[in-house]
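Right, one structure below, let's go through it.
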Amino acid sequence: MLKVIIVAGARPNFMKVAPIVAAMKRRSDEFFPILIHTGQHYDAAMSDAFFRDLEIPEPDVDLGVGSASHAVQTAGVIQAFEPYVLSEKPDWVVVVGDVNSTVACALVCAKLGVKVAHVEAGLRSRDRTMPEEINRLLTDQMAELLLTPSADADENLRAEGIPPERIRFVGNVMIDSLITNLERAKKSTALADLGLENRDYAVLTLHRPSNVDEKFALDRILDALEQIARRLPIVFPAHPRTRKMIDELGLTERVERIKGLVLTDPAGYLDFLQLLSGARLVLTDSGGIQEETTVLGIPCITLRENTERPITVEMGTNKIAGTETSKIIQAANEALDHPPDKNARRIPPLWDGQTADRILDALLSEPPAVAGG
Ligand code: UD1
């Protein structure tokens with residue numbers, strides 16, 4: 001029986017830990033899972049709603065770290081997490097994704113000689129101004145077992161000198177959650193509540209500091225949205241950070257004046273899945289949404305200069321439009337004028353809903369020797 005601590009910190013972690021915890025509960029003769037929430041995200045809409053929708057059991061421990069600067073938040077997780085690792089003495093700690101909680105917990109374990117498995121290892125945007133890129137690079141250096149979602153991730157890790165025996169291609173665990181919940185999401189009333197018709201609207205998400213923390217950057221995205229919203233309504237469930245920045249930058253009135261832009265509170269998992277799967281177009285700076293739209297076969301315009309998920313571009317659904325007004329408008333018009341043929345949809349290998357079990361199998365298989373440990 002393996003005792004495994006699973007770490008969840010921020011919203012994009014929850015759909016990745018849900019299938020892993022569920023699989024461990026199902027295979028309770030092989031695994032004893034302990035779920036730790038760092039508290040990086042704590043609002044009901046950013047955390048509780050996801051635990052409820054994804055049927056994740058209550059965390060065994062909530063470290064309650066909350067929001068702060070990167071240094072303070074990361075240090076807070078490190079300090080609060082260490083005593084649990086020392087007292088629980090797990091066989092493995094599983095961290096997912098690329099948020100501050102991920103790197104903080106991996107560092108604690110590396111120092112204590114506790115084995116870490118990193119789910120979603122090997123993704124690289126090659127943009128070190130992105131906080132997540134630093135988290136990815138460091139977490140992958142420290143983890144024993146690197147569980148990758150796509151072949152490009154394996155290549156990135158090998159190119160960084162990581163021994164191949166530490167790398168396992170298991171597929172995309174977030175897609176396990178998507179496949180499990182697609183039917184349930186149909187029962188959501190999110191679309192009806194907004195008075196929207198299937199395929200007659202776009203969905204927008206925006207929260208990267210590079211897009212929302214500076215007026216110049218946010219302004220030029222708003223300029224593009226103004227134009228796109230003339231063609232179809234845009235639903236915009238705004239991240240608390242984005243909402244706060246819109247206010248602080250004095251843009252609230254401007255946003256409210258954009259006809260066709262429907263600003264809402266952050267959506268729960270099932271409501272968002274319904275909104276996403278019914279959309280004609282998605283505009284986003286998120287990582288996970290690039291992947292979800294690939295599986296759903298929905299055109300996605302990524303409002304960033306790069307992506308750590310190039311496979312979504314290769315599959316044909318995702319377009320990296322950048323953040324200049326004219327480029328965003330052009331990409332949106334192209335996607336609306338030439339919608340992809342849903343029947344020609346391509347899904348990356350092992351994005352099949354079975355990744356959690358492959359992760360568990362990898363943990364069970366003979367672990368490689370601890371480097372230097
Ligand atoms: C974090 C992750 C990012 C991920 C995103 C998804 C890092 C470095 N960033 O960014 O990779 O894509 O989550 O949401 O880990 N806030 C609240 N309530 C909450 C959480 C946040 O009001 O429950 C507000 C606070 O003002 C906070 C700000 O949002 O200061 C930013 O939160 P933080 O967790 O620092 O980063 P995110 O932008 O959410």
Side-chain angles (χ1 to χ4, degrees), residues 7-17 37-54 59 62-78 80-81 95-107 118-121 123-125 127-140 174 177 203-214 217-218 236-249 264-269 272 276 282 284-292 300 302-304 306-309 312:
V7 176
R11 183 171 63 176
N13 289 166
F14 304 141
M15 46 296 256
K16 296 166 195 164
V17 303
H37 193 324
T38 66
Q40 178 173 344
H41 283 175
Y42 45 87
D43 279 358
M46 298 294 284
S47 180
D48 303 359
F50 286 79
F51 273 71
R52 201 170 46 241
D53 281 1
L54 291 157
D62 190 335
L63 303 179
V65 167
S67 301
S69 71
H70 282 260
V72 171
Q73 186 177 63
T74 309
V77 175
I78 290 174
F81 184 56
V95 296
V96 302
D98 55 15
V99 302
N100 286 344
S101 301
T102 310
V103 70
C105 293
L107 179 56
H118 182 206
V119 173
E120 202 185 87
L123 298 185
R124 297 289 181 268
S125 65
D127 173 3
R128 290 200 184 197
T129 64
M130 217 182 153
E132 294 80 4
E133 184 72 355
I134 306 296
N135 295 344
R136 293 180 200 116
L137 282 160
L138 296 180
T139 304
D140 287 343
M174 203 185 60
S177 279
V203 171
L204 164 74
T205 81
L206 211 55
H207 73 281
R208 295 259 160 247
S210 57
N211 280 340
V212 303
D213 285 7
E214 274 176 41
L218 193 48
F236 179 20
H239 187 292
R241 164 194 213 105
T242 310
R243 189 69 88 135
K244 193 173 83 185
M245 290 316 300
I246 288 174
D247 247 15
E248 275 178 25
L249 298 171
T264 73
D265 288 333
Y269 185 75
F272 192 72
L276 208 55
V282 171
T284 191
D285 61 6
S286 145
I289 294 171
Q290 296 172 52
E291 300 179 331
E292 288 164 339
C300 174
T302 296
L303 307 177
R304 285 173 43 190
N306 49 54
T307 182
E308 60 289 333
R309 292 159 161 96
T312 59

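Every number for a ligand or one of its atoms is a count from 1 in the order of the listing. Treat the numbers as computed from the prediction; the structure is a model and nothing was measured.
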Applying ring-ring contact (aromatic ring centres under 6.0 Å, His included), can you list everything that pairs with His118, at least two apart in sequence or on another chain?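 Applying ring-ring contact (aromatic ring centres under 6.0 Å, His included) to His118 gives none.
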Check: [Y] and [X] side chains under 4.5 Å, non-hydrogen atoms:
X: Glu120; Y: Met174; value: no
X: Phe272; Y: Val203; value: yes
X: Glu308; Y: Glu132; value: no
X: His41; Y: Asp43; value: no

Met46 and side-chain contact (heavy atoms from CB on, under 4.5 Å): which partner among Arg241, Gln40, Arg11?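 Answer to the side-chain contact (heavy atoms from CB on, under 4.5 Å) test with Met46 among Arg241, Gln40, Arg11: Arg11.
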Closest protein heavy atom (residue, atom, distance) for [atom]:
atom: atom 9 (N) of ligand 1; result: Glu132 OE2, 3.5 Å
atom: atom 18 (N) of ligand 1; result: Asp43 OD2, 3.0 Å
atom: atom 6 (C) of ligand 1; result: Pro12 CD, 3.4 Å
atom: atom 5 (C) of ligand 1; result: His207 NE2, 3.5 Å
atom: atom 13 (O) of ligand 1; result: His41 CE1, 3.2 Å
atom: atom 17 (C) of ligand 1; result: Tyr42 OH, 3.3 Å
atom: atom 8 (C) of ligand 1; result: Asn100 OD1, 3.2 Å
atom: atom 27 (C) of ligand 1; result: Ser67 OG, 3.2 Å

Got an N/O contact under 3.5 Å between His70 and ligand 1?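 For ligand 1, there is no N or O atom that lies under 3.5 Å from one belonging to His70.
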Return each pair, listed once, that meets salt bridge (Lys or Arg N to Asp or Glu O under 4.0 Å) where at least one residue sits in residues 95-106; pairs must be two or more places apart or across chains.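 Listed once each, the pairs are Asp98-Arg136.
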Region of Arg241 that comes within reach of ligand 1 [heavy atoms, distance under 4.0 Å]: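 Near ligand 1, Arg241 shows its backbone as well as its side chain.
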